[in-house]
Peer 1: 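Mind looking over this structure? Questions follow.
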Amino acid sequence: MSIILDHVNYVYSAGTAYEKHALKDISLKIEDGQFIGIIGHTGSGKSTLIQHLNGLIRATSGAIYYNGEDIYDKGYPLQKLRGKVGLVFQYPEHQLFETTIFKDVCFGPKNQGLSQNEAELKAFEALRAVGLSERLWYQSPFDLSGGQKRRVAIAGVLAMKPEVLILDEPTAGLDPKGRDEILDQVVRMHRELHITVILVSHSMEDVANYVGRLIVMNRGQVMFDGVPREVFAHYQELEAVGLSAPQVTYLMHDLRRRGLSVDESATTLEEAKASILRALQVGSK
Amino acid sequence: MNFIEARRLVHEYIRRDEEGNVESIQTALDHVDLDIEPGKFVAVLGHNGSGKSTFAKHLNVLLTPTEGTLWVDGKDAADEENLWEIRKNAGMVFQNPDNQIIASVVEEDVGFGPENIGVPTPEILKRVDQSLKSVGMSEYRTHSPNKLSGGQKQRVAIAGVMAMEPKCIVLDEPTAMLDPNGRREVLSAVQRLNEEKGVTIILITHYMEEVVDADQVFVMDQGKVVMEGTPREIFSQVETLKQYRLDVPQITLLADELRKAGLAVPKGILTRQELVDVLCRLY
């Protein structure tokens with residue numbers, strides 16, 4: 001079970017003055033059950049890339065295999081693929097439209113051709129999974145707070161029972177607590193529903209805290225691909241392309257320069273704390 | 001004199017059914033008292049739904065008070081006669097750059113505001129020049145806004161506000177949709193306007209790191225101002241902030257954790273440099 005991208009290229013508006021080579025020769029393997037972060041500055045190709053994964057955009061050249069099958073084969077059920085690879089766009093709450101939350105979440109599974117009963121069952125499970133209190137389910141989605149609306153929108157995608165869940169900046173515009181709540185929920189879903197999660201984010205701290213594998217996009221190419229601490233070790237190269245490392249990583253480099261023997265590759269608060277305490281204990285002895 | 005003065009400011013969103021009967025009342029601002037001096041860089045924090053944006057929208061009279069009074073630059077915001085004067089003096093920048101840019105060329109977009117209020121053409125050109133320069137976007141003057149990055153679009157939006165020569169700019173989460181580089185660009189442009197042109201800045205944000213250099217911070221919760229002080233005073237109260245669904249900068253949080261672990265780290269560390277200095281002294 002995996003997604004494989006084999007030398008994928010995508011060119012926008014080919015043959016016009018606006019031609020843009022948005023993805024250049026991308027080859028990637030996304031294994032089942034991974035928790036992946038994608039970072040990159042605006043226009044680096046992140047969104048174009050994720051829209052390839054569920055066939056919303058068709059590559060100009062190259063191939064994409066979902067569980068071993070070429071999704072560009074004649075007769076490949078792209079409709080089904082879109083149920084299996086669920087994509088939550090930026091500001092998904094703008095896509096809510098039904099009169100009640102529950103009806104809104106039923107929309108996806110009903111569209112997949114499920115009966116009313118089956119769709120309701122799926123909606124029930126999805127709303128449970130995103131942790132939205134049951135007393136809200138039959139209210140209008142428009143009366144909810146920003147964070148709650150976003151959960152409903154994510155539930156709408158989850159109700160289609162995806163094997164892969166892609167979230168494009170799920171925390172944009174949320175307050176710090178709302179950010180943590182959504183991300184913790186995503187971690188829980190990853191663990192309990194055994195789904196692959198791909199998180200597109202502009203927050204270096206968030207990806208450092210949550211993902212196991214980090215892909216950096218730049219000018220339509222994969223610039224780095226590895227565990228966060230490896231990737232953030234290249235912080236100067238990241239800065240050159242409009243990104244950065246988590247704040248604590250910079251701190252560790254500063255401390256090192258001042259002679260403290262701390263671990264420079266720390267990317268999370270916990271790692272930094274442990275390393276600083278260790279370095280100071282050793283120093284004072 | 002204060003540039004902004006709010007006294008027992010109340011705003012209620014009232015929902016009515018088809019017959020006009022009141023269905024529900026939501027109090028978004030609940031007796032807010034708040035003063036902002038001219039030329040200051042002020043940050044407003046608060047969780048989603050705490051009343052920040054409702055407050056911001058009062059500052060240029062997109063909303064009017066249900067009760068209480070608000071003076072902007074000495075003018076009563078409830079008096080319709082002051083409407084245009086206040087809007088000219090307190091410009092607003094919103095979260096999504098794509099919703100704020102209307103023209104197909106950068107310079108036309110920046111000139112739209114002054115043109116709209118009948119500023120003579122040579123003066124408009126001068127203002128467009130200066131505004132674009134002040135946000136570092138002069139070289140994009142004749143470009144299409146469509147091709148710009150998020151941070152560049154947001155700076156064009158700020159230039160559009162600057163062309164109105166406001167005394168104050170209110171920014172409602174201007175960096176929420178931007179990548180790290182875009183955030184840096186926008187923030188440093190805003191800081192420069194504050195320092196060099198003396199424009200009063202009111203920045204609403206969910207990014208605690210952006211608040212570190214502010215002169216003054218207000219924290220809102222349930223329509224009330226619940227905390228007020230310098231960034232250092234506010235961010236030394238980690239637990240209280242968490243109650244209000246907020247956070248502190250990552251560096252401040254780390255310093256706090258180290259202090260709890262027994263290191264002699266003072267409260268309210270804000271920057272990397274400060275923490276490095278403290279830790280090196282302990283070493």
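What you see below is based on every heavy atom in this structure, not just the backbone, and it leaves out hydrogens, waters and symmetry mates. In the text below, chain A, chain B and the rest are named by the order of the sequence lines, each starting its count at 1.
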Peer 1: Using non-hydrogen atoms and a 4.5 Å limit, figure out which bit of Leu279(B) sits close to chain A: side chain, backbone, both or neither.
Peer 2: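 Interface part for Leu279(B): both.
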Peer 1: I need the residue from Ala176(B), Pro180(B), Gly151(B) with the largest number of non-hydrogen atom pairs under 4.5 Å to chain A.
Peer 2: Pro180(B)
Peer 1: Report which part of Tyr244(B) has an atom under 4.5 Å of a heavy atom belonging to chain A: side chain, backbone, both, or neither.
Peer 2: neither
Peer 1: Name each donor-acceptor pair under 3.5 Å that joins a side chain in residues 251-262 of chain B to protein atoms two or more places apart or in another chain, with its distance.
Peer 2:
from, atom 1, to, atom 2, distance (Å)
Thr252(B), OG1, Ile269(B), O, 2.7
Asp256(B), OD1, Arg259(B), NH2, 2.5
Glu257(B), OE1, Lys273(A), NZ, 3.1

Peer 1: Looking at Gln26(B), Met208(B), Lys147(B), which makes the most heavy-atom pairs under 4.5 Å with chain A?
Peer 2: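 Looking at each of Gln26(B), Met208(B), Lys147(B) in turn, Lys147(B) comes out on top.
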Peer 1: Between Arg258(A) and Cys280(B), what is the shortest heavy-atom contact and its length?
Peer 2: CB-SG, 3.4 Å
Peer 1: Can you name the closest pair of heavy atoms from Gln250(B) and Val248(A) and give their distance?
Peer 2: OE1-N, 3.5 Å
Peer 1: Cation-pi check for Phe142(A) against Arg15(B): NZ or CZ below 6.0 Å from the six-membered ring centre and within 45 degrees of the axis, yes or no?
Peer 2: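 That pair does not qualify as a cation-pi contact.
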Peer 1: What residues of residues 202-221 of chain A sit under 4.5 Å from chain B when only non-hydrogen atoms are counted?
Peer 2: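 Residues in range: His202(A), Met204(A), Glu205(A).
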Peer 1: Does the distance from a Lys or Arg side-chain N to an Asp or Glu carboxylate O, for Glu239(A) and Arg184(B), drop under 4.0 Å?
Peer 2: no
Peer 1: Do other residues, nucleotides or ligands put more than 12 heavy atoms under 6.0 Å from Glu12(B) CD?
Peer 2: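 Yes, CD of Glu12(B) has more than 12 neighbouring heavy atoms, counting only those of other groups under 6.0 Å.
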Peer 1: Taking side chain as C-beta onward, heavy atoms only, is Gln247(A) less than 4.5 Å from Pro249(B)?
Peer 2: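 No - every pair of side-chain heavy atoms lies 4.5 Å or more apart.
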Peer 1: About how many Å separate CG of Asp179(B) and OG of Ser244(A), when rounded to the nearest 0.5 Å?
Peer 2: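 Rounded to the nearest 0.5 Å, the OG-CG separation comes to 9.5 Å.
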Peer 1: May I ask you to say whether Arg179(A) pairs ionically with Asp247(B), meaning some side-chain N is under 4.0 Å from a carboxylate O?
Peer 2: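 Here Arg179(A) does not pair with Asp247(B) in a salt bridge, since their nearest N and O are not under 4.0 Å apart.
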Peer 1: For the pair Asp175(A) and His206(B), evaluate side chain to side chain contact (heavy atoms under 4.5 Å, CB included) and give the outcome as yes or no after the intermediate values.
Peer 2: CA-CA 5 Å; Asp175(A) 59 47; His206(B) 285 319; 3.5 Å; yes
Peer 1: Tell me, side chain or backbone of Gln273(B) under 4.5 Å from chain A's heavy atoms, or both, or neither?
Peer 2: side chain
Peer 1: Supply the atom-to-atom distance Glu169(A) CD to Met177(B) CE, rounded to the nearest 0.5 angstrom.
Peer 2: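 Rounded to the nearest 0.5 Å, the CD-CE separation comes to 7.5 Å.
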Peer 1: Which residue is it: Leu255(A), Ile276(A), Leu251(A), Asp254(A)? I am looking for the one with a side-chain contact (heavy atoms from CB on, under 4.5 Å) to Leu275(B).
Peer 2: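 The side-chain contact (heavy atoms from CB on, under 4.5 Å) with Leu275(B) is passed solely by Leu251(A) among Leu255(A), Ile276(A), Leu251(A), Asp254(A).
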Peer 1: Taking the side chain from Asn48(B) and the backbone from Gly173(A), do they hold a donor-acceptor pair closer than 3.5 Å?
Peer 2: yes
